[in-house]
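Written out below as structure tokens is the structure these notes cover.
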Number of protein chains: 2
Amino acid sequence: MTLGTPPTLDDVAREARVSRSTASRAINGGERVSPEAQAAVDDAVARLGYTPNRAARSLVTRRTDSIALVMPEPDTLMLTDPFLAGVLRGVTDGIAGTDLQLVLLLNRLDEAPGRIARYLGSGHVDGAIIASAHERHQLEDALTRTRLPAVFVGRPFGDVSGHHFVDVDNIAGSRLATQRLVDRGCRRIGTVTGPQDMSAGIDRLRGWRETLEAAGLPTDAVVTGDFTAVGGADAAARLLDAHPDLDGVFAASDLMAEGVLRVLHSRGKRVPDDVALVGFDDLGIAQHTNPRLTTVHNPVVATTMAATATLLGLLAGAPVPTEPQIFAPYLVEGESA
Amino acid sequence: MTLGTPPTLDDVAREARVSRSTASRAINGGERVSPEAQAAVDDAVARLGYTPNRAARSLVTRRTDSIALVMPEPDTLMLTDPFLAGVLRGVTDGIAGTDLQLVLLLNRLDEAPGRIARYLGSGHVDGAIIASAHERHQLEDALTRTRLPAVFVGRPFGDVSGHHFVDVDNIAGSRLATQRLVDRGCRRIGTVTGPQDMSAGIDRLRGWRETLEAAGLPTDAVVTGDFTAVGGADAAARLLDAHPDLDGVFAASDLMAEGVLRVLHSRGKRVPDDVALVGFDDLGIAQHTNPRLTTVHNPVVATTMAATATLLGLLAGAPVPTEPQIFAPYLVEGESA
DNA sequence: CTGTTAGCGCGTTCAA
DNA sequence: TTGAACGCGCTAACAG
């Protein structure tokens, strides 16, 4: 058996003793093919190990059968980003069973904003999942312009109308976290918040503020972090310097909470007795801190799977409404608050 | 401007007042085109925003201009896998500047071994980076059979001949780690080793054993982990149950070392005074444990970039020898040993 | 239900 | 140096 070039549809047709178009129909869905023909083709396909040539098919169907996943590039310092891994899982789980190809586009933080947008607009993919919601990337506008089917994981920045997105209810989540601190008796509650050019960062700050205002507590102890452990530690140091009397902290991500925890330890503060701490995400690291972190569960995998399902619907031509799908977070008991 | 369908090469040619083949040549490398024609085509391309149709090009060049990255699926329990993030970075950095598409293939642990192999063999990609070196995946044979250019990150399992791979010197690394324990006076040294169906797991165990044998110390305190924190904790518990007198532990990954650390703490062992601990990987988590982990640096990003460079060479038709590129690890000082 | 026919957009001979 | 003609492998009309 000479396997110089892969078998083509012609080979299959010849082998099955039918015409090429019959073979094609049998392979794609089997509409209007007799059982015998179908069987013969199936047989030939198996015998030859035939796989349709994607390029040829793509050329005529005008679809590429591939979707892009746009993600922020993993951080240089802290390679470990559980969110990234969760998104990856959600998307791959979401397209399992389809024959969609997943093309990965890592959005570098420092690069010219046009590259990704240009790529998405150039017809190389049928749709996109965007999990890179930094304001500066400006993918939103580019996407509306090219009309590429796309679903955001996390509320896109700026004008939401016309965009599909799924998200966890970050405001509700940060309320849960902050309320927990209030309920356990904390009266001086600070927050290490996320980047304010990401909707998650903004919303998690807002939930904290609203909860404290409702409780009649001050809302001045705020420092901005970057969702990483190192950034969280830096922020915590600044926070404690400015407000030594803190008895509670809400960290807008578990990674940052980890950093906060280290700083608290190094300053001799007991957790939760001196300072109580609540994080956000519950993507595997909360159980591994000491003490175990009380946190808010963020269903990233489910969220991303939903986004993928929505995208598949769009690709199938379904008239999917742009109502966002918002997932509910919930508090996860730990020992830190 | 009606942008119903994207501009084609014909449009460019018309706009530039040249024939289609001249336009084609001007776009691909500019061989045998007059400066005027070249300029006219460049201009037309810019004006029209032309992007070559990948499918059409692929059909005639018989290349797909995309490569696959095969990785193990991130673990369900511990989403955080720094190795994964490092590999991702290395590959994307490695193809930056080329117009190669990166197709992501996540290798599920429980799935039929044929899926990935079939995909790789079906001509959908021009080459592959394989960072999923579990024995059971059996990609090695499939790859030799299909003759798809491929480079492994981490020594492939089984017969290495004919395969390209890059790796860190895991044996040397684990020797460094173990020797450190010996040098600081440990006499009863155990190891939590990695999966024994991965070359990294095997090699890191071997370096530990050889070092102890050379030092005349016993090599019976071995338990197998799975490179995760939870697995490391389980393994550590078993290890300490069987060998309560341990005064040193080499964990074959930092994630596992983290688990070991927790178990040691919970059993009231001081680190490093009662039990010294050395990890492996240094991918961001070693600095964040308490005490900071002494570990062995594993240059994953560099390794993966080298693999990608090799693959690019293969794709360019260069006669790349299959001599492996082995990177040297080095010890990173921490407080745990 | 089946086979014949006509492109999809592009790179590449081959003549001019 | 240029352009005309061909075919890559496939799907979708259309006619039978």
Side-chain angles (χ1 to χ4, degrees), chain A residues 3-42 44-45 48-66 99 101 122-126 315 317, chain B residues 3-42 44-45 48-66 99 101 121-126 317:
Chain A
L3 281 183
T5 67
T8 76
L9 191 55
D10 273 316
D11 299 329
V12 173
R14 203 172 310 121
E15 183 85 7
R17 303 178 167 290
V18 297
S19 77
R20 222 185 44 227
S21 48
T22 301
S24 174
R25 271 171 303 212
I27 286 168
N28 310 340
E31 295 283 316
R32 300 184 313 186
V33 284
S34 65
E36 308 85 68
Q38 180 74 54
V41 170
D42 288 348
V45 165
L48 266 42
Y50 169 75
T51 314
N53 180 315
R54 246 184 144 92
R57 171 180 280 177
S58 182
L59 195 54
V60 42
T61 60
R62 299 171 157 289
R63 291 181 305 109
T64 65
D65 288 325
S66 61
D99 66 346
Q101 250 182 6
S122 68
H124 294 329
V125 292
D126 297 336
L315 294 184
Chain B
L3 283 183
T5 67
T8 77
L9 191 55
D10 273 316
D11 299 329
V12 173
R14 204 172 309 121
E15 182 84 5
R17 303 180 165 290
V18 297
S19 78
R20 222 189 45 227
S21 45
T22 301
S24 173
R25 274 173 299 216
I27 287 169
N28 310 338
E31 295 283 317
R32 301 183 315 185
V33 282
S34 64
E36 307 86 66
Q38 179 75 54
V41 170
D42 288 347
V45 165
L48 265 42
Y50 169 76
T51 315
N53 180 315
R54 245 185 146 93
R57 173 179 279 177
S58 182
L59 197 53
V60 40
T61 60
R62 298 172 158 290
R63 292 181 304 109
T64 65
D65 288 325
S66 61
D99 65 345
Q101 252 183 2
S122 67
H124 295 329
V125 292
D126 298 336

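Lettering follows sequence order; numbering is per chain, from 1.
- Rounded to an integer number of Å, the gap from A:Asn53 CG to D:dG7 P is 18 Å.
- Nearest to the side chain of B:Asn28, among D:dC14, D:dT2, C:dG11, sits C:dG11.
- No side-chain heavy atom of B:Arg20 sits under 4.5 Å from any side-chain heavy atom of B:Thr8.
- When the nucleotides D:dC14, C:dG11, D:dC10 are ranked by their closest atom to the side chain of A:Arg25, D:dC14 comes out on top.
- When heavy atoms are screened at a 4.0 angstrom cut-off, B:Ala37 is found touching the sugar-phosphate backbone but no base atom.
- Taking every heavy atom of residues 10-21 of chain B and every atom of DNA chain D, pairs under 4.0 Å involve B:Val18, B:Ser19, B:Arg20, B:Ser21, by number.
- Between the CG atom of A:Leu59 and the P atom of D:dC10 there is a distance of 12 Å, rounded to whole Å.
- Within the 4.5 Å cutoff, no side-chain heavy atoms of A:Arg54 are placed close to those of B:Thr64.
- For A:Ser34 and C:dC1, the shortest distance from a side-chain N or O to OP1 or OP2 is not below 4.0 Å.
- For C:dG9, its base never sits under 3.5 Å from the side chain of B:Arg54 at any donor and acceptor pair.
- The phosphate of D:dG3 (OP1 or OP2) has a side-chain N or O of B:Thr22 nearer than 4.0 angstrom.
- Spacing between atom CD of B:Gln38 and atom C1' of D:dT1 amounts to 13 Å, rounded to whole angstrom units.
- Remark: B:Asp65 pairs with B:Arg63 by the salt bridge (charged side-chain N to carboxylate O under 4.0 Å, His left out) rule, at least two apart or across chains.
- Here the side chain of A:Arg62 is nearest to one of D:dC8, C:dC8, C:dG11, namely C:dC8.
- Counting only heavy atoms from C-beta outward, the side chains of A:Leu9 and A:Ser24 approach each other to under 4.5 Å.
- The distance between atom CZ of B:Arg63 and atom P of C:dG9, rounded to the nearest whole Å, is 21 Å.
- By the salt bridge (charged side-chain N to carboxylate O under 4.0 Å, His left out) test, A:Arg14 is found to be paired with A:Asp11, residues two or more places apart in sequence or in another chain being considered.
- Heavy-atom minimum distance, B:Ile27 versus B:Tyr50: CD1-CE2, 3.6 Å.
- Residue contacts for B:Leu9: at a heavy-atom cut-off of 4.0 Å it reaches the sugar-phosphate backbone alone, with no base atom in range.
- The nearest pair of heavy atoms linking B:Thr22 to B:Ala37 is CG2-CB, 4.2 Å.
- One finds no side-chain N or O of B:Thr8 lying less than 4.0 angstrom from the OP1 or OP2 phosphate oxygen of C:dG9.
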